Amino acid sequence: IRLSLVGSEMCIRDRMISGSVDPRLFQEAFSKTSIRTGLKGENWAVMLYGKNIFDEITPTGSFNIPLASGAYGQYTSPGSIWGASVNYSF
C-alpha cells in the first residue's frame with residue numbers, strides 16, 4: 001500500500017481584471033491552495049481532494065452592462081470544491 005499527499009498553491013499578483021484602467025476593476029493579490037491525499041494498493045486506489053480549500057472567491061473577468069452607464073458585471077471563480085475518487089481494476 002502506498003500513501004500520497006500533495007499540496008499546491010497558486011499565487012496571483014495585483015492586477016486589473018479587464019483591459020480598462022477603471023479603479024473599480026482592480027484585483028488585489030490572492031492565493032488559492034489545493035490538497036490531495038490517497039491510498040493505492042495493487043489494484044485499487046482511494047483519493048480525497050480539495051481545491052481552493054480556503055474558499056477564495058475571486059473575479060476572473062468583467063464586462064460592461066449595456067444601457068447602464070458606468071455599470072459593469074464580473075465573472076467569478078468557484079469557491080472551494082471537495083471530492084473523493086475510488087478506483088478498482090479487475
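Because the structure is predicted, anything quoted here is derived from the model rather than measured.
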| message | Within the structure provided, determine whether Ser4 and Arg36 are in side-chain contact (heavy-atom separation under 4.5 Å). | response | no
| field | Crowding at CD1, Ile65 (>12 non-hydrogen neighbours, <6.0 Å) | value | yes
| note | CG of Leu5 to CG of Leu3, rounded to nearest 0.5 Å, is 7.0 Å
| query | Just wondering, are more than 12 heavy atoms of other shown residues or ligands nearer than 6.0 Å to CD in Glu28? | reply | no
| Applying the 4.5 Å side-chain criterion to the ILVMFWY set and letting contacts propagate, would Met16 and Tyr72 be lumped into a single cluster? | yes
| Gap separating the OG atom of Ser31 from the CE atom of Met10, nearest 0.5 angstrom | 8.5 Å
| task | State, without any angle test, whether Ser62 and Gln74 hold a side-chain donor-acceptor pair at a distance under 3.5 Å. | result | no
| remark: Minimal heavy-atom distance between Pro66 and Asn64, with the atoms involved, is CD-O, 3.5 Å
| said: Can you tell me if Tyr75 has over 12 outside heavy atoms packed within less than 6.0 Å of its OH? | reply: no
| query | Would the number of heavy atoms belonging to other residues, nucleotides or ligands and lying under 6.0 Å from CZ of Arg24 be above 12? | reply | yes
| query | Which ring-ring contact (aromatic ring centres under 6.0 Å, His included) pairs, counting each pair once, include a residue from residues 24-51, with sequence neighbours left out? | reply | none
| field | Trp82: hydrophobic cluster co-members (side-chain, 4.5 Å) | value | Ile35, Ile53, Phe54
| Is Asn52 reaching over with its side chain to a backbone N or O of Thr33, donor-acceptor style, under 3.5 angstrom? | no
| task | Could you tell me whether a side-chain N or O of Asn43 sits under 3.5 Å from a main-chain N or O of Tyr88, the two making a donor and an acceptor? | result | no
| note | Rounded to the nearest 0.5 angstrom, the CE-CG distance for Met47 and Leu39 is 12.0 Å
| field | Approximate separation, where rounding is to 0.5 Å, of Ile57 CD1 and Ser80 OG | value | 8.0 Å
| In terms of side-chain heavy atoms, does Lys32 have a donor or acceptor partner in Thr58 at a distance below 3.5 Å? | yes
| remark: Rounded to the nearest 0.5 angstrom, the CD1-CD1 distance for Ile17 and Ile12 is 13.0 Å
